[in-house]
Amino acid sequence: MRVFSSYMQIIRRNLWQMVMYVCIFIGITVAIQKSIDGTGMTTGFSSVKLAVAVIDREQGILGETLRQYVEKEQKLVEIEDDEQVIQEELFYRNVSYVLVVPEDAQSAFEAGQAAVQTMKVPGAAAGYYLDAQINSLLNQIRVYRAGGFSMEEACEKSLALSEHQGKVTLMDINGNGGQREGYNYYFAYLPYALLAGMIMCLSGVIMEFKKKEVHRRMLCSAVSLRAQNFAAVASFIVVGLGVWTVCMAAQAAMYRGGAFTSLHAPLYIANSLACMLVAMALAYLAGMAANSPGALNAVNNIISLGLCFLGGIFVPVEMLGSRVEKISYFLPTYWYSKINGILGDYGELGSQMRQTVGRGLAIQVLFAAACICVTMAVNKARQRE
């Protein structure tokens, strides 16, 4: 019991580092959540209107139709008909697209030639999208003209046709309406707080007890080595469960019940506990590997940031390339992120998804066990020295 009290006393001295990382994590999560809500990403798809300028040099029915169409579909911007001004407006992104209707536009259109000219930001996807919209309107006018309508009637009917919106019904295939809950983003970034906080908090305790003077005194004490190891494990579990409880309570308070209101609540809990186990095992290993606070800080950055980047916590693994993705298969953060993605994307899990979730949980636990075995081997080698 005295060994356990000693562990907890040193942990209390380092606990502020754990609290700091948890607070930073919660702050970043709230900021990301607000930015997502501000863009409307959690409420479904919504079109974005681009800044488009129309320069009508002909002042005819075709140019007026194009102007009305752009004003309805996009954000119409007035600029001066000067080449240098147009280039400056495009360079500073004040406009994304400039549509020029030359003086002979209608006659060229009737002859089947290119009727308008366009200028856009080089390489921008929005330019190709607007090209498709303008060409679609011009093709509609051509169809009406081929049907015997006058130019005025063709333009009027094409504008009226563009106002009709098709009715789209989204099929709820995955059981959650195609939307991720807000608390899923909270769990997505949780591993960084657990890894960085646990390593800085618990590894310092290991470094204190592995000092030669302290280690020799403990070997001479009446407390058996088994009891000492049991006290160390118990203190780690107490701290881990305490931090996990705080994180779970925070998400429940932020999201009105959070994951506890989900049908996947047991899987969210199991995934976060597996991540916590990995964090404690890596903290144990880092404490044995580091010999100074500076070295521990470097090891912490390498482990926490490395695992989060390569495991898909900060950046989706698909964006890092196939080679990195193959390496990520062996990392616990990859499987944590994969499980969290499945839980967020699907309201109901099929048999194959359940197998993937079970495999991911098992790999995380096995990774933690492997870290503990390596740490014990290192500790035993040092004892022999």
Side-chain angles (χ1 to χ4, degrees), residues 17-18 21-22 24-26 28-29 32-33 180 183-203 236 239-241 243-244 247-248 250-251 259 264 267-287 289 296-346 353 355-375:
Q17 300 184 51
M18 182 75 241
Y21 278 103
V22 171
I24 292 174
F25 156 71
I26 294 176
I28 293 175
T29 304
I32 293 175
Q33 188 66 43
R180 282 194 181 190
Y183 55 78
N184 185 264
Y185 294 97
Y186 178 94
F187 281 96
Y189 300 103
L190 182 61
Y192 176 70
L194 298 182
L195 288 170
M198 282 294 174
I199 291 175
M200 291 304 297
C201 179
L202 299 182
S203 297
F236 274 39
V239 175
L241 290 178
V243 173
W244 178 83
C247 292
M248 296 299 288
Q251 65 88 24
H264 301 320
L267 297 178
Y268 274 111
I269 293 173
N271 197 29
S272 58
L273 285 175
C275 183
M276 175 63 69
L277 185 62
V278 171
M280 290 190 294
L282 288 173
Y284 192 18
L285 178 60
L296 178 61
N297 191 28
V299 171
N300 178 34
N301 290 331
I302 293 173
I303 294 177
S304 59
L305 294 177
L307 288 179
C308 288
F309 272 109
L310 296 177
I313 303 300
F314 295 150
V315 181
V317 178
E318 295 79 7
M319 299 180 63
L320 301 178
S322 57
R323 294 184 179 180
V324 177
E325 188 173 1
K326 291 179 180 179
I327 297 174
S328 301
Y329 290 156
F330 301 95
L331 302 179
T333 46
Y334 169 82
W335 291 101
Y336 175 91
S337 179
K338 190 174 186 65
I339 293 173
N340 190 69
I342 291 175
L343 299 181
D345 290 337
Y346 296 92
M353 293 181 186
Q355 291 178 4
T356 302
V357 171
R359 182 166 59 250
L361 292 174
I363 290 176
Q364 292 183 69
V365 173
L366 290 175
F367 185 91
C371 289
I372 293 175
C373 292
V374 171
T375 306

Suppose we screen for side chain to side chain contact (heavy atoms under 4.5 Å, CB included). Which residues come up paired with [X], at least two apart in sequence or across chains?
{"X": "A188", "answer": "N340"}
{"X": "S337", "answer": "I313"}
{"X": "A286", "answer": "I199, S203, L296, V299, I303"}
{"X": "L366", "answer": "none"}

Ring pair (Phe, Tyr, Trp, His ring centres under 6.0 Å) partners of F309, counting only residues at least two apart: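 Counting only residues at least two positions away or on another chain, F309 forms a ring pair (Phe, Tyr, Trp, His ring centres under 6.0 Å) with F314.
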
With sequence neighbours excluded, residues passing ring pair (Phe, Tyr, Trp, His ring centres under 6.0 Å) with Y284: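 Scan of Y284 (ring pair (Phe, Tyr, Trp, His ring centres under 6.0 Å), adjacent residues dropped) gives none.
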
Within-4.5 Å side-chain heavy-atom neighbours: L310 and F330: no

Heavy-atom side-chain contact between L282 and L195 under 4.5 Å: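 They are in contact (side-chain heavy atoms under 4.5 Å apart), so the answer is yes.
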
Backbone of G344 reached by a side-chain donor or acceptor of H264 within 3.5 Å: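 Looks like no, no N/O pair under 3.5 Å.
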
Residues forming a side chain to side chain donor-acceptor pair (under 3.5 Å) with Y268, sequence neighbours excluded: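 Applying side chain to side chain donor-acceptor pair (under 3.5 Å) to Y268 gives N184.
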
Distance in Å, [X] [atom1] paired with [Y] [atom2], rounded so as to fall on 0.5 Å steps:
{"X": "Y183", "Y": "M248", "atom1": "OH", "atom2": "CE", "answer": "10.5 Å"}
{"X": "L277", "Y": "S272", "atom1": "CG", "atom2": "OG", "answer": "11.5 Å"}
{"X": "Y186", "Y": "C247", "atom1": "OH", "atom2": "SG", "answer": "4.5 Å"}
{"X": "L331", "Y": "L307", "atom1": "CG", "atom2": "CG", "answer": "6.0 Å"}
{"X": "F236", "Y": "C201", "atom1": "CZ", "atom2": "SG", "answer": "8.5 Å"}
{"X": "C275", "Y": "M198", "atom1": "SG", "atom2": "CE", "answer": "10.0 Å"}

For the student: nearest non-hydrogen atoms of [X] and [Y], plus distance:
{"X": "L194", "Y": "A279", "answer": "O-CB, 3.7 Å"}
{"X": "V278", "Y": "P332", "answer": "CG1-CG, 3.8 Å"}
{"X": "A281", "Y": "I372", "answer": "CB-CG1, 3.9 Å"}

side-chain hydrogen bond (donor to acceptor under 3.5 Å, both in side chains) pairs, two or more places apart, involving residues 326-336: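 Qualifying pairs, neighbours excluded: none.
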
Pairwise side-chain hydrogen bond (donor to acceptor under 3.5 Å, both in side chains) hits with a residue in residues 356-372, at least two apart: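 Qualifying pairs, neighbours excluded: N271-Q364.
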
